[in-house]
S.K.: 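Questions regarding the structure given below will be posed in turn.
Reckoned from all heavy atoms, side chains included, excluding hydrogens, waters and symmetry mates.
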Amino acid sequence: MANTQSTAEVDPFAAVESLRAALDGADIVLPSLAVDAASPSLALVDLGRVRADVAMRLAAALQKGAAA
């Protein structure tokens, strides 16, 4: 289900924690996952860099969720 909240309505710190919890449930760790402090008005979340195997596991988890 798509979330239609605007950027101004979403706390980036809450978004990071929500994403971290969801990824943890899929046994996926993004070590650099954090709020982007350089542009607070944009409420950006920095997903960071990951190894190729982690990217593949993330893609598989997303595909599995989309198929459900």
S.K.: Answer whether the closest heavy-atom distance between the side chains of Leu19 and Leu47 falls below 4.5 Å.
M.R.: yes
S.K.: Locate the shortest heavy-atom distance separating Gly48 from Ser32; write the atom from each residue and the value.
M.R.: CA-CB, 3.6 Å
S.K.: Indicate if Val50 and Val35 have the same hydrophobic cluster label, given that clusters are the connected sets of ILVMFWY residues with side-chain heavy-atom separations under 4.5 angstrom.
M.R.: yes
S.K.: Can you name the closest pair of heavy atoms from Val10 and Ala15 and give their distance?
M.R.: CG1-CB, 4.1 Å
S.K.: Once you round to the nearest 0.5 Å, how far does CG of Asp53 lie from CD1 of Ile28?
M.R.: 10.5 Å
S.K.: Applying the side chain to side chain contact (heavy atoms under 4.5 Å, CB included) test to Val16, which of Asp11, Leu33, Asp46, Asp36 qualifies?
M.R.: Leu33
S.K.: Heavy-atom count around Asp27 CG within 6.0 Å, excluding the residue itself: above 12?
M.R.: no
S.K.: Got a second to check how far Met56's CE is from Arg51's CZ, nearest 0.5 Å?
M.R.: 13.5 Å
S.K.: Going from NZ on Lys64 to CZ on Arg57, what distance comes out if it is rounded to the nearest 0.5 angstrom?
M.R.: 12.5 Å
